[in-house]
Amino acid sequence: MHFSRHLAVPAAALVLSAATALVPVLIGPALMSPATAGTAPSTTAHLGTLQKGAAQTSTAQARAVQTGASASSASMLQATAPRAAALPTTGYHRSFTGAGKTSTYHVYADGLDRSKAVGVLYYLGGDYTSVKETWVHNPGGTHLTAMAAEARKKNMVLVVPISPDTDTSGNGVTWWEEADGNGDWFRALQAGLTSNYGLDASRTWLAGYSGGAEFLTYELLADRQGWLQGGGATIIGGGGSDGMQTAPSAAVRSLSLTWFVGSKDVAGSTTPATWSASATAAQGRQRYARDGFTRTRLTTLPGLSHDDYDIVGLISKGLATLPPAPATSSPSSLLRGAIRADYLATGGAATYGQPTSAEKPTGVHGGVYQGFTKNCTYYWSPQTGAHPVRWGTGIGNAYRAADLERGWGYPVIAERALANGAYQDFHRGTARFRAIYSPRTGTHAVKLSGGIGTAWQKAGHEHGWGFPTTEEYAVNGGVAQKFSNGWVATWHRATGKVTVAKG
């Protein structure tokens, strides 16, 4: 695939007046390394805290970091805006490393109202061989500041990522070459921004032009797109599709997607001469509709060629379809039922921090979960009640690796200390598991309701055979498990008995 490198915007593009132009401010030292604290926003800042947030907020980890969910009654769930958190400061050319790639981005966050939900607009530009060809490398220019002003009308941060591609030969710097890797970098960036600044994932808008439009439709909207919980996309001068790489959720399929293409943006309008943005946009829109997206639209702009789009104005049309930003709820108003009772009884905010979301359903046995700012998540189910799991500990990390409630089930107690470790019990239906940790053995689970687990308890728990050093594993005729005092326990399927031997 080849796409135009042209990124110019015609004179019709919106331009900020002096009264509305964004004024760059200093990057807060908390967001910068010591070497860069106090420098101007155009200076590269290495955002260690952002990168940490991105690393923690993968799809499998989202509960543990960003929202969490647990509730005492699914009927009491309510839609609320994300927690109030400090917003990023406006700054340019900020460095971010994720998924093995490093690039920069600009962020515009002046004039936003933190008493309301804060959304985010991401803009992806087209291909280029020189930074002089594109205004994504002119963050203080009229085009991007005008775009920021449009985002601000909807209480949204504007983020302009720069492609991690550094090869200016051939097709130049693109998003769509190495789309998977660039997509991983982008998803890591957005995860960190969303987590660290409490951005409302239901108010996310994607916008792309030319090669950036192609990257939206071939990668960001088509693969691992579960981070999108609402909003839409403005797709300009391109946007084809080979179909979904990851099955989209109902929320993703209901995004508002609009393709804009000029009637003269056909083969010969850009490079290569055989590529037609008009045909590509029509094909992409048709494919998305066929894949179950319910709000797709193609708008043909009479008389426009590939270089003629009012990009800011077209993005503004899309943002105008969003409802006003809702007021955020105070964290305490998100607490209710059994989770609230256990939270208050066991230390409250001093122990767990503030809730980061309302309770949310897990989809497993009627359970719910709710995240808190001190790196823990409360879980509740009708069978187990409300109990927290702490992340970043050996047990929390192992619970996540075991697939959360789909693996061990729900916690029935909070993590408890041992003289030389810690443990926490979980139930999944009639199956009972104990996750037990020591610095020497790490964390492993004993299935208390199984033959080996029953015998381990009778032998004195960790005081007898010791701590588990493996999970149960298959052997000929049964399963076995190793323990730190040198014992290997084997359950025999034919007899239902357990034998132990020094391993």
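Sequential numbering from 1 along the given sequence is applied to the chain's residues. When reading the values below, keep in mind they use all heavy atoms of this one structure, side chains included, and skip hydrogens, waters and symmetry mates.
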Answer yes if the side chains of [X] and [Y] hold a donor-acceptor pair under 3.5 Å, and no otherwise.
X	Y	value
T373	Q354	no
T362	Y410	yes
N420	S438	no
T234	W205	yes
W185	S103	no
T469	H444	no
T346	Y352	yes
R285	T296	yes

Query raised in the report: Y343 side chain to A349 main-chain N or O, any donor-acceptor pair under 3.5 Å?
Result: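 Yes; judged by distance alone, with no hydrogens or angles, the pair exists.
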Query raised in the report: How are the rings of F426 and Y399 set relative to one another: parallel (under 30°), tilted (30 to 60°) or perpendicular (over 60°)?
Result: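 The rings of F426 and Y399 lie parallel, inter-plane angle below 30°.
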Query raised in the report: If you look at every heavy atom in V446 and G453, which pair is closest and at what distance?
Result: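 Looks like CG1-CA, 3.6 Å.
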Query raised in the report: Minimum heavy-atom separation for G451 to W491, with atom names?
Result: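 Answer, listing the atom of G451 first, then W491: CA-CD1, 4.1 Å.
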Query raised in the report: Is there side-chain contact between Y288 and M244, with heavy atoms separated by less than 4.5 Å?
Result: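 Side chain of Y288 against side chain of M244, heavy atoms only: contact under 4.5 Å found.
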Query raised in the report: Passes salt bridge (charged side-chain N to carboxylate O under 4.0 Å, His left out), E219 versus R187? Steps please.
Result: CA-CA 11 Å; E219 177 64 22; R187 281 181 285 266; 2.7 Å; yes
